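As the structure is a computational prediction, the values presented were derived from the model and not from experiment. Counting starts at 1 for both ligands and their atoms, in listed order. Numbers for residues simply follow the sequence, beginning at 1.
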Amino acid sequence: MSFPPVNELPRPPLQRLHLDWLERAGVEVAVLRLDLIDPLISGNKWFKLVEHLNAAGEAGAEGVITLGGAWSNHLHAVAAAGKRFGFPTVGLLRGHPQDTATVADLQAFGMRLHWLGYGGYRARHAPGFWLPWREHYPHLYPVPEGGGGVLGARGCGQLLALAAGQLSALGWSDHDGWWLACGTGTTLAGLVLAEAGRHPLYGVLAVPEDHGVMQQVEGILAQGGQPNVGFELFDGSRGGFAKVDPALQAFIDRTEHAAGVPLEPLYTAKALLMLKQQVEAGRFARGSRLIFVHTGGLQGRRGFPAISQG
Ligand SMILES: *Cc1c(COP(=O)(O)O)cnc(C)c1O
């Protein structure tokens, strides 16, 4: 079986976001709805994957092998892409066998799973980690965790044109920057590269500051031949990755009710709540216009029963 080239990029709609705290501050926000691009291959993970899949095809691979956790949006997107386009996928999972809704989907999509334990997963950056897996699956192309790296960033750079083409339909001639959640920072780095200084990027960290996001962004920008400027990072992790507090939960329910935009608690809700705090602190002048990238990930909401499942 040959690997399919991925040429068709999905087209996320850009929609105005109407919320009382934005209106009070006179700040306009449009949401680039990556959560709506596909029922299964959701969010920024689709854009992060595209160039990796093309590279796999060029390398003559038959499928891909990659890694993630038991609620991973990345594994979910890879497995769904494999099912859709007809290539085999293997997932290396963090921890011990668990029956999450995500894992059930991975299996239904036909992904072959190997559970590495926690220590085994921590060794994923060690030299030689991939060797036995490459020997075991010589026809599969390894995709880094989360679809990261320079290839992942390049795919995300496509978002710039997809949003720019929709600005005039909103009556916007220009905008004042991008606001989005960061896990590894790959999506942000791809947009910084594509912008080349034209509009600033504001990234909200979903992981605590010591997780090396700045270094990863720097690394991608250096490989892309660009200086380490044009973006700003905020710590929005609220006590840690996957930590959900009642104020965050209430914010998710309120936003969905008021604006009809569903958020998940790990990334998009923390990013939008940080925007609210910055807007209320007067960070953006009246008349400012921002693009908020809804990075998707709603499948992971199933792990948080306290949030209305819509
Ligand atoms: C993976 C993910 C992110 C983080 O993307 P990075 O490119 O790693 O920064 C943000 N939001 C959602 C919903 C995600 O699934």
Side-chain angles (χ1 to χ4, degrees), residues 12 31-38 40-52 66-81 94 102 105 143-160 178-194 201-209 211-221 224 231-238 241-242 244 248 252 255 261-275 292-304 307:
V31 187
L32 190 63
R33 297 287 304 269
L34 307 191
D35 57 315
L36 295 179
I37 57 179
D38 189 282
L40 294 177
I41 314 175
S42 168
N44 63 339
K45 298 304 182 286
W46 190 199
F47 290 89
K48 291 175 79 174
L49 263 181
V50 166
E51 294 294 332
H52 287 293
T66 189
L67 60 192
W71 288 103
S72 165
N73 293 325
H74 166 66
L75 285 182
H76 199 265
V78 168
R94 180 196 299 122
T102 304
D105 283 352
V143 172
E145 191 177 33
V150 104
L151 286 181
R154 208 177 289 151
C156 294
Q158 309 272 353
L159 293 171
L160 191 157
W178 300 79
W179 194 277
L180 77 164
C182 294
T184 62
T186 306
T187 307
L188 175 120
L191 280 165
V192 173
L193 284 176
L201 269 290
Y202 302 101
V204 180
L205 301 179
V207 295
E209 249 159 357
H211 278 226
V213 176
M214 184 56 102
Q215 287 81 348
Q216 303 205 59
V217 172
E218 266 177 41
I220 292 174
L221 295 184
F231 69 95
E232 191 178 331
L233 298 179
F234 300 83
D235 183 351
S237 62
R238 302 178 71 86
F241 184 63
V244 182
L248 184 72
I252 292 172
T255 305
V261 176
L263 302 169
E264 47 65 57
L266 306 194
Y267 295 102
T268 48
K270 286 182 177 175
L272 192 64
L273 187 46
M274 177 57 78
L275 176 60
F292 178 86
V293 184
H294 190 312
T295 41
L298 295 171
Q299 68 87 22
R301 254 193 356 171
R302 297 174 295 180
F304 295 89
I307 292 156

*Does a side-chain heavy-atom distance below 4.5 Å link Leu75 with Thr102?*
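No, their side chains stay 4.5 Å or more apart.
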
_A side-chain contact here means heavy atoms from C-beta on lying under 4.5 Å apart; do Thr184 and Glu145 qualify?_
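The answer is no, as the side chains (C-beta and beyond) never meet within the 4.5 Å cut-off.
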
Identify the closest protein heavy atom to [atom]: which residue and atom is it, and at what distance?
{"atom": "atom 5 (O) of ligand 1", "value": "Asn44 ND2, 2.9 Å"}
{"atom": "atom 13 (C) of ligand 1", "value": "Gly296 O, 3.2 Å"}
{"atom": "atom 7 (O) of ligand 1", "value": "Thr187 OG1, 2.6 Å"}

Could you see which bit of [X] sits under 4.0 Å from ligand 1, with heavy atoms only: side chain, backbone, both or neither?
{"X": "Asn73", "answer": "side chain"}
{"X": "Val213", "answer": "neither"}
{"X": "Lys45", "answer": "side chain"}

Counting each atom of ligand 1 from 1 as listed, which ones have a heavy atom of [X] under 4.0 Å away?
{"X": "Thr186", "value": "6 (P), 7 (O), 9 (O)"}
{"X": "Gly297", "value": "13 (C)"}
{"X": "Gly185", "value": "6 (P), 8 (O), 9 (O)"}

Would [X] count as a polar contact of ligand 1, with the cut-off being nitrogen or oxygen pairs under 3.5 Å?
{"X": "Thr295", "value": "yes"}
{"X": "Thr184", "value": "yes"}
{"X": "Cys182", "value": "no"}
{"X": "Thr268", "value": "no"}

*Would a line drawn from the ring center of Tyr202 to the ring center of Phe292 be shorter than 6.0 Å?*
no

*Can the ring centres of Trp179 and Phe234 be said to be less than 6.0 Å apart?*
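Yes: the rings meet the under 6.0 Å criterion.
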
*Could you walk me through whether Cys156 and Thr187 pass the side chain to side chain contact (heavy atoms under 4.5 Å, CB included) check?*
CA-CA 5 Å; Cys156 294; Thr187 307; 3.7 Å; yes

*Under 3.5 Å, is there a donor-acceptor pair linking the side chains of Gln216 and Thr186?*
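Judged by distance alone, the side chains do not pair up.
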
Which heavy atom of [X] sits nearest to which heavy atom of [Y], and what is that distance?
{"X": "Gly296", "Y": "Ser42", "answer": "CA-OG, 3.7 Å"}
{"X": "Pro12", "Y": "Leu32", "answer": "O-CD1, 3.7 Å"}
{"X": "Leu67", "Y": "Val143", "answer": "CD2-O, 4.1 Å"}
{"X": "Pro144", "Y": "Thr66", "answer": "O-OG1, 3.7 Å"}

*Just going by heavy-atom distances, which of Cys156, Ser72, Gly183, Gly43 is nearest to atom 4 (C) of ligand 1?*
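When every heavy atom of Cys156, Ser72, Gly183, Gly43 is considered, Gly183 comes closest to atom 4 (C) of ligand 1.
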
*State if Gly146 counts as touching ligand 1 under the rule of any non-hydrogen atom under 4.0 Å.*
no

*Would you please determine whether Lys48 falls within less than 4.0 Å of ligand 1 on a heavy-atom basis?*
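True for this residue.
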
